[in-house]
*Asks:* 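Just passing along the structure, written as structure tokens.
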There are 2 protein chains.
Amino acid sequence: MSVTAAIAANEEAIGGDAGKARVVFRTAGSLVGPTHVRLVSRDHTIEVDEPDVLAGGNRFANPVEYALASLASCQAITYRFWAAKLGIELDGVEVAVEGDLDLHGFFGLESGVRPGFTGIRLDVTPLGPESAERYEALAAAVDEHCPVLDLFRNATPVERQLV
Amino acid sequence: MSVTAAIAANEEAIGGDAGKARVVFRTAGSLVGPTHVRLVSRDHTIEVDEPDVLAGGNRFANPVEYALASLASCQAITYRFWAAKLGIELDGVEVAVEGDLDLHGFFGLESGVRPGFTGIRLDVTPLGPESAERYEALAAAVDEHCPVLDLFRNATPVERQLV
């Protein structure tokens, strides 16, 4: 299905039944090595590991790199969708993300240092024939509607339970 | 390097030079298909796609599934590290995460609906011989020090620029 067709089909489905817009995404799995984690989402396996300095085998990217990849890919895909919605020509998107992290937080060595990222730099390069102003307008629409940028920028309630 | 050795090595390095705790993680890449994104973090490639209903080829998990996988794997690995730090025996960890998302936000069909997850359920099963109380104490320590749980639960500043 093309991006334009997917937008039309989703908007029609949601317009006819608002409940169809409420979706649940899932992943589940376990530790399969010292720091090697294997997870499944639908028909996809996702594997995670740590580098040697964090006791891993460095076979895969680590959790915080997957968090950055989630943001980078969500941005790129949201550019594709919102370019189609707004009629802005877009040949491609390049994206680079950096996140600052202070390991005092993870290792519990200094109270008041958060364990997660303290700041993120997100550089996006939209490729195509449109003016800089048009791509700025696209970027503004994307930033308002990108699910993972929202996750980063705002607090999300998490209910954690031990099973 | 074992988990215990990695903890000792990191704590010694950070203790000797607090600047060594400040690390930067990165990912960068581009759209290589309608919704297929290929990214690189260090020596690891991460590939992302959408299902057919979102104009993709469904070759890989999608951005929000990677966000959930980032949380699930970070939890599992933080259980491993903090069990070693606290001297709690831990044979394994199973983890399952669900996230609720309302597509009105992504498609811009209703103002006031956030595009990201509105709620997350995180179920963790620590496996091993210790008492339920000991695993509850471990879970409390993990939740205070898990980088990706912090990312989900709290706002993180993101500087976005067009290149």
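Order of the sequence lines fixes the chain letters, A, B, ..., with proteins taken first and strands second; residue numbering starts at 1 for each chain.
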*Asks:* Between E136(A), R80(A), E110(A), E94(A), who has the most heavy-atom pairs with chain B when the cutoff is under 4.5 Å?
*Replies:*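 When all of E136(A), R80(A), E110(A), E94(A) are compared, R80(A) has the most.
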*Asks:* Can you say whether H44(A) sits under 4.5 Å from chain B via the side chain, the backbone, both, or neither, judging by heavy atoms?
*Replies:*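 Only the side chain of H44(A) comes within 4.5 Å of chain B.
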*Asks:* Taking side chain as C-beta onward, heavy atoms only, is L149(B) less than 4.5 Å from V158(A)?
*Replies:*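 Yes, their side chains come closer than 4.5 Å.
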*Asks:* Rounded to the nearest 0.5 Å, how far apart are CG of L103(B) and CG of L109(B)?
*Replies:*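 The CG atom of L109(B) is 9.0 Å from CG of L103(B), to the nearest 0.5 Å.
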*Asks:* How long is the straight-line distance from OG of S2(A) back to CD1 of I7(A), given to the nearest 0.5 Å?
*Replies:*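 The CD1 atom of I7(A) sits 8.0 Å away from the OG atom of S2(A).
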*Asks:* Report which part of V163(A) has an atom under 4.5 Å of a heavy atom belonging to chain B: side chain, backbone, both, or neither.
*Replies:*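 Both parts, backbone and side chain.
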*Asks:* Please classify the contact between T35(B) and chain A as side chain, backbone, both or neither, with a heavy-atom cut-off of under 4.5 Å.
*Replies:*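 Contact with chain A is through both the backbone and side chain of T35(B).
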*Asks:* Using non-hydrogen atoms and a 4.5 Å limit, figure out which bit of F81(A) sits close to chain B: side chain, backbone, both or neither.
*Replies:*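 Looking at F81(A), just its side chain touches chain B.
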*Asks:* Just one of L151(A), V95(A), I120(A) clears the side chain to side chain contact (heavy atoms under 4.5 Å, CB included) bar with L71(A), so which one?
*Replies:*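 That would be I120(A); it is the only one of L151(A), V95(A), I120(A) passing the side chain to side chain contact (heavy atoms under 4.5 Å, CB included) with L71(A).
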*Asks:* At a 4.5 Å cut-off on heavy atoms, which part of L31(A) comes close to chain B: side chain, backbone, both, or neither?
*Replies:*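 Its backbone and side chain both get close to chain B.
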*Asks:* Is there a side-chain contact between L39(B) and T45(B), using heavy atoms and a 4.5 Å cut-off?
*Replies:*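 Heavy-atom side-chain distance check fails, nothing below 4.5 Å.
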*Asks:* Name the member of G92(A), A9(A), C146(A), A13(A) that forms the most heavy-atom pairs with chain B at distances under 4.5 Å.
*Replies:*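 Option with the greatest count: C146(A).
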*Asks:* Do you know the tightest heavy-atom contact between I14(A) and F107(B)?
*Replies:*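 Heavy atoms of I14(A) and F107(B) come nearest at CD1-CD1, 4.0 Å.
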*Asks:* Between chain A and each of N154(B), D49(B), V32(B), count heavy-atom pairs under 4.5 Å; write down the option with the most.
*Replies:*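 Between N154(B), D49(B), V32(B), the count favours N154(B).
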*Asks:* So which part of D143(B) gets closer than 4.5 Å to some heavy atom of chain A, the side chain, the backbone, both or neither?
*Replies:*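 Side chain of D143(B) only, per the 4.5 Å heavy-atom cut-off to chain A.
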*Asks:* So which of V40(B), V3(B), D52(B), V97(B) has the largest heavy-atom pair count under 4.5 angstrom toward chain A?
*Replies:*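 Heavy-atom pairs under 4.5 Å are most numerous for V97(B).
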*Asks:* I'd like to verify something: which residue of A155(B), A6(B), A28(B) has the highest number of heavy-atom pairs under 4.5 Å with chain A?
*Replies:*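 Sorted descending by pairs with chain A, the first entry is A155(B).
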*Asks:* So how far is it from S111(B) OG to E144(A) CD, rounded to the nearest 0.5 Å?
*Replies:*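 Here the interatomic distance stands at 9.5 Å.
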*Asks:* At a heavy-atom separation under 4.5 Å, does Y135(A) approach chain B through its side chain, its backbone, both, or neither?
*Replies:*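 Contact with chain B involves both backbone and side-chain atoms of Y135(A).
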*Asks:* Which residue out of V142(B), N62(B), L122(B) racks up the most heavy-atom pairs below 4.5 Å with chain A?
*Replies:*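 Highest number of pairs under 4.5 Å: L122(B).
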*Asks:* Is R38(A) in contact with chain B via its backbone, its side chain, both, or neither, using a 4.5 Å heavy-atom distance?
*Replies:*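 It is neither, since no heavy atom gets under 4.5 Å.
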*Asks:* Step by step, work out the side chain to side chain contact (heavy atoms under 4.5 Å, CB included) result for Q161(A) and R121(B).
*Replies:* CA-CA 8 Å; Q161(A) 68 171 358; R121(B) 290 169 297 284; over 6 Å; no
*Asks:* Side chain, backbone, both or neither: which part of A141(A) has a non-hydrogen atom closer than 4.5 Å to chain B?
*Replies:*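 The answer is neither part of A141(A).
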*Asks:* Contact between V37(B) and E47(B) at the side-chain level, heavy atoms closer than 4.5 Å - yes or no?
*Replies:*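 No, too far: nothing below the 4.5 Å cut-off.
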*Asks:* Once salt bridge (charged side-chain N to carboxylate O under 4.0 Å, His left out) is applied, do any residues pair with D150(B), and if so which ones, sequence neighbours excluded?
*Replies:*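 Checked D150(B) against salt bridge (charged side-chain N to carboxylate O under 4.0 Å, His left out); matches are R114(A).
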*Asks:* Where does I46(A) contact chain B at under 4.5 Å (heavy atoms): side chain, backbone, both or neither?
*Replies:*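 Side chain only.
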*Asks:* Can you say whether V23(B) sits under 4.5 Å from chain A via the side chain, the backbone, both, or neither, judging by heavy atoms?
*Replies:*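 For V23(B), heavy atoms of backbone and side chain both lie under 4.5 Å from chain A.
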*Asks:* Mind ranking T78(A), N58(A), D100(A) by heavy-atom pairs under 4.5 Å with chain B and telling me who comes out on top?
*Replies:*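 With the most close heavy-atom pairs to chain B, the winner is N58(A).
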*Asks:* Would you say N10(B)'s side chain and V53(A)'s backbone share a donor-acceptor pair under 3.5 angstrom?
*Replies:*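 Indeed, once roles are kept as given, a pair shorter than 3.5 Å links the two residues.
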*Asks:* Atom CZ of R42(A) and atom CZ of F60(B): how far apart are they, to the nearest 0.5 Å?
*Replies:*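 These two atoms lie 12.5 Å from each other.
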*Asks:* Looking at A67(A), S70(A), G108(A), A5(A), which has the largest count of heavy-atom pairs under 4.5 Å with chain B?
*Replies:*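 Answer, by heavy-atom pair count under 4.5 Å with chain B: S70(A).
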*Asks:* Using the rule given for side chain to side chain contact (heavy atoms under 4.5 Å, CB included), can you reason through K85(A) versus E11(A), listing the C-alpha separation, both sets of side-chain angles and the distance that settles it, and then say yes or no?
*Replies:* CA-CA 11 Å; K85(A) 267 181 81 91; E11(A) 293 190 352; 2.5 Å; yes
*Asks:* Kindly indicate, with the supporting measurements, whether the criterion salt bridge (charged side-chain N to carboxylate O under 4.0 Å, His left out) is fulfilled by K20(B) and E12(B).
*Replies:* CA-CA 10 Å; K20(B) 284 193 177 152; E12(B) 190 187 327; over 6 Å; no
*Asks:* Is the shortest distance from a Lys or Arg side-chain nitrogen in R26(A) or E65(B) to a carboxylate oxygen in the other one below 4.0 Å?
*Replies:*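 Between E65(B) and R26(A) there is no salt bridge, as every charged N stays at least 4.0 Å from the carboxylate O atoms.
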*Asks:* What part of V48(A) lies closer than 4.5 angstrom to a heavy atom of chain B: side chain, backbone, both or neither?
*Replies:*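 For V48(A), the contact with chain B is made by the side chain alone.
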*Asks:* Does any heavy atom of chain A fall under 4.5 Å from the side chain of D43(B), the backbone, both, or neither of them?
*Replies:*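 Just the side chain, heavy atoms under 4.5 Å.
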*Asks:* Of the backbone (N, CA, C, O) and the side chain (C-beta and beyond), which part of E50(B) lies under 4.5 Å from a heavy atom of chain A, both, or neither?
*Replies:*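 Just its side chain gets close to chain A.
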*Asks:* What part of A139(A) gets closer than 4.5 Å to chain B, counting heavy atoms only: side chain, backbone, both or neither?
*Replies:*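 Contact with chain B is through both the backbone and side chain of A139(A).
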*Asks:* By a 4.5 Å heavy-atom criterion (distance strictly below it), what part of L162(B) contacts chain A: side chain, backbone, both, or neither?
*Replies:*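 Looking at L162(B), backbone and side chain both touch chain A.
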*Asks:* With a 4.5 angstrom heavy-atom cut-off, which part of T118(B) approaches chain A: side chain, backbone, both or neither?
*Replies:*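 Only the backbone of T118(B) comes within 4.5 Å of chain A.
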*Asks:* Please tabulate, for side-chain N and O atoms in residues 124-132 of chain B, each donor-acceptor pair with protein atoms closer than 3.5 Å (sequence neighbours left out).
*Replies:*
residue, atom, partner, partner atom, Å
E130(B), OE1, R134(B), NE, 3.4
E130(B), OE2, E89(B), N, 2.7
S131(B), OG, R134(B), N, 3.2

*Asks:* With chain B, which of C74(A), S73(A), S30(A), A76(A) has the greatest number of heavy-atom pairs at distances under 4.5 Å?
*Replies:*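 Sorted descending by pairs with chain B, the first entry is S73(A).
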*Asks:* Side chain, backbone, both or neither: which part of L68(A) has a heavy atom under 4.5 Å from chain B?
*Replies:*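 For L68(A), backbone and side chain are both near chain B.
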*Asks:* Do R160(B) and R153(A) touch side chain to side chain, with heavy atoms closer than 4.5 Å?
*Replies:*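 Contact flag for R160(B)/R153(A) side chains = yes.
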*Asks:* Measuring from atom CD of E98(B) to atom CZ of F25(A), what distance do you get when rounded to the nearest 0.5 angstrom?
*Replies:*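 Those atoms lie 12.0 Å apart.
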*Asks:* Counting heavy-atom pairs closer than 4.5 Å to chain B, which one of G56(A), A96(A), G57(A) comes out on top?
*Replies:*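 Looking at each of G56(A), A96(A), G57(A) in turn, A96(A) comes out on top.
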*Asks:* Side chain, backbone, both or neither: which part of L54(B) has a heavy atom under 4.5 Å from chain A?
*Replies:*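 When you check distances to chain A, atoms from both the backbone and side chain of L54(B) fall under 4.5 Å.
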*Asks:* Considering only heavy atoms, which portion of F117(B) lies under 4.5 Å from any heavy atom of chain A: side chain, backbone, both, or neither?
*Replies:*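 Both backbone and side chain of F117(B) come within 4.5 Å of chain A.
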*Asks:* For V148(A), which atoms come within 4.5 Å of any heavy atom of chain B: side chain, backbone, both, or neither?
*Replies:*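 Side chain only.
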